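In what follows, a single structure is set out as structure tokens and then discussed.
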Amino acid sequence: MRPLQFIRSQTQLVILVVVFLICAAVVPEFLNERTVLNILKTVATSGIVAIGLSVVVIGGNLDLSVGSVFSLMCVVSVKMQNTSPWLGLIVPIVLAVGVGALNGFLVTRFRLNSIIVTLGTMSVWAGAALLYSPTIMTVPGTFYEKISNSAFLGIPTYVYVFFAAAIVLQVVLFKTKFGRSLFFQGVNPEAAEIAGINKNRSTILSMVICSICVAIGAILQTSRVGSGYPISGVGLEFSALTAVLLGGVSIAGGKGSALRTVIGVLMLQVILTGMILMDIKHDWQSIVKGALILVALTLDAWQQRAAARNPGGLAA
Amino acid sequence: MKGRLRQINYRQAISDNRIFVFIVALFVIVQAINPGFITANNVKIIFQNLSIEGMVAIGMAMLIILGEIDLSVGAIMSVSCCVSIYLQPYGILPAILASIGIGTLAGFLNGALVVKSGVSSLPITLGTMGLMNGIVYVVTESQSVPGTNKSFLYVADTMIGGINLVIYLFIALVVVFEFVLQKCYFGRSIMAVGGNRFAAEYVGLRVDRVRVLVFTLTGLLSSIAGVMTAARYNIASGHIGEQTALAVITAVLIGGISLSGGEGSITKAFFGYLFIISLQNAMRLLKFPPDLSTIITGALLIVILAIDAVTIRRNQFK
């Protein structure tokens with residue numbers, strides 16, 4: 001592959017590098033070891049949610065309940081930790097399988113729009129988290145401290161967990177039958193059905209994977225912060241979707257990858273960190289995220305129209 | 001004539017108007033448990049709570065009939081409320097006009113973005129929602145900013161015959177938009193586009209213009225709701241309208257308007273929202289924890305959708 005071709009096919013990576021260089025040029029302390037480490041730490045927890053969400057989006061669905069599920073898993077994990085550290089790890093993940101399966105069941109069994117279904121489950125789990133634990137809870141045991149304090153080569157272990165999850169999902173998406181059928185159904189659900197792909201199964205599976213990722217993210221978050229907060233996931237679906245779209249995953253489905261989402265997550269965090277270091281107020285974050293969603297959406301629509309005009313071209 | 005009368009399908013008629021069954025059931029059950037439910041005072045409270053976001057429900061009903069959706073309605077409300085509060089020192093009328101103007105413009109931009117980009121309206125309005133919420137957060141610096149002009153409060157709460165002005169305004173809007181939707185060319189075009197966009201285009205309707213116009217009207221209605229919020233609560237905050245989109249979409253769907261578009265009425269949306277507000281009121285009277293009512297609203301949305309999906313499919317295979 002010629003260099004120019006590679007650059008054109010990796011638009012998001014190029015944008016990430018450019019954004020990073022701009023931030024580094026404007027703010028001198030940006031290239032600091034601490035800043036970069038902080039970006040990686042912040043990215044690790046919310047980033048797992050984003051790569052889980054990207055699996056759902058590739059299949060042509062959307063999950064708006066990730067934020068509420070995140071809140072719920074945070075408080076469940078901390079409460080279970082009171083009984084036994086292992087329960088604090090296992091119960092959220094088992095619950096997540098149920099939560100994801102419920103979303104998937106509602107979408108496939110009743111052929112409902114996933115966005116509306118998850119809008120409903122979003123408020124159900126948000127209420128459940130607050131009902132289960134109305135206030136903030138601190139982590140009593142040392143088990144979480146072990147997770148958050150362990151480090152390898154100066155980088156916390158959970159950062160590796162994030163990248164490992166991304167690589168595993170990348171393999172699942174591109175090397176398994178499930179992954180291929182997910183792309184197929186994302187591009188053209190009718191054709192996928194005619195071709196004999198079990199659409200219901202892959203939809204449910206994608207939503208279960210997403211919820212498991214959310215639970216892992218929640219466990220890492222509680223161990224990093226050292227407490228469970230019943231509204232810690234508010235607005236997370238918004239930033240996760242921003243990251244997914246920035247990574248070049250198409251909202252129409254059928255295009256994207258876990259590693260591209262990692263690029264999107266990094267891009268969003270570099271921009272937000274840059275803003276903080278430039279002393280731009282926290283209030284601006286929502287504006288920037290909203291604008292980035294719109295830019296990413298229009299870029300994607302524009303690319304798809306170009307691809308439709310020029311089948312087999314690079315944009316496809 | 002006789003033959004036609006006999007053909008009325010009672011089951012169909014009940015399932016088409018199930019919202020009335022829901023409301024009657026709710027009122028009977030709650031009244032039996034707590035006699036304080038149906039009193040002149042409590043019914044007035046229900047209507048006061050209903051009337052502001054109910055205006056948003058009118059717009060959302062038209063959008064869903066059209067086959068679109070708008071998640072940014074709460075954010076538009078919040079922006080208009082904010083503008084009303086900040087422009088109060090310059091007089092009541094300029095503040096109201098500016099708020100409504102900005103809200104309408106926001107609705108128009110939503111519509112234009114959806115039509116021009118070709119992306120579905122959900123992610124687009126998710127983006128504009130974040131954008132507009134963010135603007136309110138920046139302007140108010142994430143604080144609650146109180147209004148300065150006390151006479152602004154009369155905009156919503158002037159009493160005529162013991163009933164607030166805002167309730168009259170809401171009822172008037174319901175009547176006007178119901179007339180437009182059922183009897184006017186524009187309203188029929190909304191139904192046609194929602195039923196089958198390509199067929200509508202084929203017979204020569206200006207589909208894109210209808211779509212942009214309905215988004216604009218929703219912006220207009222949301223901004224009126226925003227002005228009324230400012231007048232009622234006298235405060236600007238980024239938290240205003242956070243739950244509006246979910247509540248209003250649930251109301252429209254519970255009212256019996258199908259997500260697939262093409263049919264429905266403003267009256268159904270009105271009664272759907274009346275049901276939700278009465279339910280919330282009842283849960284407060286019966287001392288349910290507030291978080292439980294969030295859960296119930298969400299669960300209700302899902303259950304209603306599932307019932308809809310099952311009945312629609314059964315009718316298809318008949």
Side-chain angles (χ1 to χ4, degrees), chain A residues 57 62 64-65 68 102-103 105-106 109-113 115-132 134 230 234-235 237-239 241-242 245 250-252 280-302 304-305, chain B residues 64 69 71-72 75 109 113-114 116-120 122-143 238 242-243 245-247 249-250 253 259-260 289-310 312-313:
Chain A
V57 174
L62 195 56
L64 291 181
S65 68
S68 308
L102 178 70
N103 279 341
F105 169 77
L106 289 168
R109 171 69 181 77
F110 301 110
R111 300 196 186 182
L112 296 174
N113 186 329
I115 304 174
I116 302 292
V117 167
T118 52
L119 201 65
T121 50
M122 174 170 110
S123 90
V124 171
W125 302 129
L130 280 165
L131 212 57
Y132 187 66
V234 171
E237 65 283 340
F238 188 51
S239 23
L241 188 66
T242 312
L245 295 177
S250 167
I251 193 78
I280 298 173
K281 276 199 175 153
H282 183 266
D283 307 333
W284 282 88
Q285 286 201 356
S286 179
I287 295 189
V288 170
K289 284 179 198 164
L292 285 174
I293 281 196
L294 292 177
V295 169
L297 278 174
T298 32
L299 267 182
D300 175 46
W302 178 69
Q304 294 216 328
R305 236 173 275 173
Chain B
I64 290 184
I69 210 158
L71 293 182
S72 70
L109 288 179
L113 264 173
V114 168
K116 286 293 167 203
S117 70
V119 182
S120 64
L122 244 155
I124 290 278
T125 52
L126 195 70
T128 53
M129 178 185 88
L131 198 67
M132 287 189 282
N133 259 337
I135 291 174
V136 178
Y137 277 121
V138 168
V139 171
T140 60
E141 295 177 330
S142 298
Q143 306 287 318
E242 261 180 349
Q243 303 291 329
L246 177 68
I249 292 171
T250 313
L253 298 179
L259 256 189
S260 45
D291 303 323
L292 195 63
S293 73
T294 322
I295 299 183
I296 291 177
T297 314
L300 206 61
L301 172 63
I302 296 168
V303 170
I304 293 287
L305 281 172
I307 294 174
D308 259 3
V310 170
I312 287 171
R313 226 179 306 160

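All chains are named by letter (A, B, ...) in the order of the sequence lines, taking the proteins before the strands, and each is independently numbered beginning at 1. What you see is a predicted model, and the numbers here were worked out from it, not measured in a lab.
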Shortest non-hydrogen separation from [X] to [Y] and the atoms involved:
X: A/Phe238; Y: B/Gly130; value: CZ-CA, 3.2 Å
X: A/Ile287; Y: B/Leu131; value: O-CD1, 3.3 Å
X: B/Ser117; Y: A/Thr298; value: CB-CG2, 3.9 Å

Inset, instruction - Measure the CD-CG distance between A/Gln285 and B/Asn133 for me, rounded to the nearest 0.5 Å. - result: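 Output value for this atom pair is 13.5 Å.
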
Is [X] close to chain A through its backbone or its side chain, or both, or neither, when contacts mean heavy atoms under 4.5 Å?
X: B/Leu305; value: both
X: B/Leu259; value: side chain
X: B/Ile296; value: neither
X: B/Leu300; value: neither
X: B/Leu301; value: side chain
X: B/Pro123; value: both

Inset, instruction - For a side chain to side chain contact (heavy atoms under 4.5 Å, CB included) with A/Leu119, tell me which candidate from B/Leu246, B/Ile302, B/Thr250 qualifies. - result: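 When B/Leu246, B/Ile302, B/Thr250 are each tested with A/Leu119, the side chain to side chain contact (heavy atoms under 4.5 Å, CB included) holds only for B/Leu246.
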
Inset, instruction - Show your working on side-chain contact (heavy atoms from CB on, under 4.5 Å) between B/Leu113 and A/Leu297 and close with a plain yes or no. - result: CA-CA 10 Å; B/Leu113 264 173; A/Leu297 278 174; over 6 Å; no

Does any heavy atom of chain B fall under 4.5 Å from the side chain of [X], the backbone, both, or neither of them?
X: A/Lys289; result: neither
X: A/Ile251; result: side chain
X: A/Ala291; result: both
X: A/Leu106; result: side chain
X: A/Thr121; result: both

Inset, instruction - Please confirm whether the backbone N or O of A/Ser123 pairs with a side-chain atom of B/Thr294, one donor and one acceptor, at under 3.5 Å? - result: no

Legend entry - Side-chain heavy-atom pair B/Glu141, A/Asp283 within 4.5 angstrom cut-off: yes

Inset, instruction - Mind ranking A/Val117, A/Ile293, A/Leu131 by heavy-atom pairs under 4.5 Å with chain B and telling me who comes out on top? - result: A/Leu131

Legend entry - Among the listed options B/Leu253, B/Ile249, B/Val139, B/Thr128, the residue most often paired with chain A at heavy-atom distances under 4.5 Å: B/Thr128

